[in-house]
Q: 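Attaching a single structure in structure tokens format; questions to follow.
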Amino acid sequence: GDYMVQDAENRTYDEVAELTELTATMESYLEDYNQMSKAPMALVMFRFAIEHISRISRVLKQDDGHALLVGVGGSGRQSASKMAAFMTDYDLFQIELTKNYTTVEWRDDLKKIMVKAGVEGKQ
């Protein structure tokens, strides 16, 4: 991955050979995320969680990268996505669905995303 050296100016993608080093790096990112987030995450960094976060991060870094995460509720899709977006320095936008969410709110949310991407130049 390109996330092994935090705060690097020019990140290069490289194979990660040591799982212990990767685990320490992920836990460091998690600590950083929890320090700056209003909703800290209490995650256990086990091998499969680390692998999934790495995959999501790799997909997000690709040109036009997007993924559809499928799984049962409580399997960690949202947490893994938040971690991957944080590691890649991307802004995460989540739609808050309520029973009163209509096409008007959908269009407003879509406008917010378009302004962030187009006008502000954020990823």
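All heavy atoms count here, side chains included; hydrogens, waters and symmetry mates do not.
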Q: Look at the side chain of S75 and the backbone N and O of G71, then say whether any donor-acceptor pair between them is shorter than 3.5 Å.
A: no
Q: side-chain contact (heavy atoms from CB on, under 4.5 Å) for I53 and M45? Distances and angles first, verdict last.
A: CA-CA 10 Å; I53 293 169; M45 289 296 171; 4.0 Å; yes
Q: Taking all non-hydrogen atoms of both residues into account, name the closest pair between M26 and M83 and its distance.
A: O-CE, 3.9 Å
Q: Excluding sequence neighbours, so at least two apart, what forms side chain to side chain donor-acceptor pair (under 3.5 Å) with D108?
A: none
Q: Does V70 sit in a hydrophobic cluster with other residues, and if so which ones, taking ILVMFWY side chains as linked at heavy-atom separations under 4.5 Å, directly or through other members?
A: L68
Q: Using the ring-ring contact (aromatic ring centres under 6.0 Å, His included) rule, collect all pairs that involve residues 37-79, keeping only residues at least two apart or in two chains.
A: none
Q: Which heavy atom of S57 sits nearest a heavy atom of A84, and at what distance?
A: N-CB, 3.7 Å
Q: Quick one: does K61's side chain get under 4.5 Å of Y90's, heavy atoms only?
A: yes
Q: Would you say the side chains of N34 and Y29 form a donor-acceptor pair under 3.5 Å?
A: no
Q: Tell me, do F86 and L30 make a side-chain contact under 4.5 Å, heavy atoms counted?
A: no
Q: Test of understanding: with side chain to side chain contact (heavy atoms under 4.5 Å, CB included), list the residues that count as partners of A24, not counting sequence neighbours.
A: none
Q: Is there a side-chain contact between Y101 and D109, using heavy atoms and a 4.5 Å cut-off?
A: yes
Q: For Q78 and S81, which I'm curious about, is there any donor-acceptor pair between the side chains at under 3.5 Å?
A: no
Q: Provide the full list of side-chain hydrogen bond (donor to acceptor under 3.5 Å, both in side chains) pairs with a residue in residues 36-50, sequence neighbours left out, each pair given once.
A: R47-E51
Q: For E21, enumerate each residue passing the side chain to side chain donor-acceptor pair (under 3.5 Å) test, keeping only those at least two apart in sequence or located in another chain.
A: none
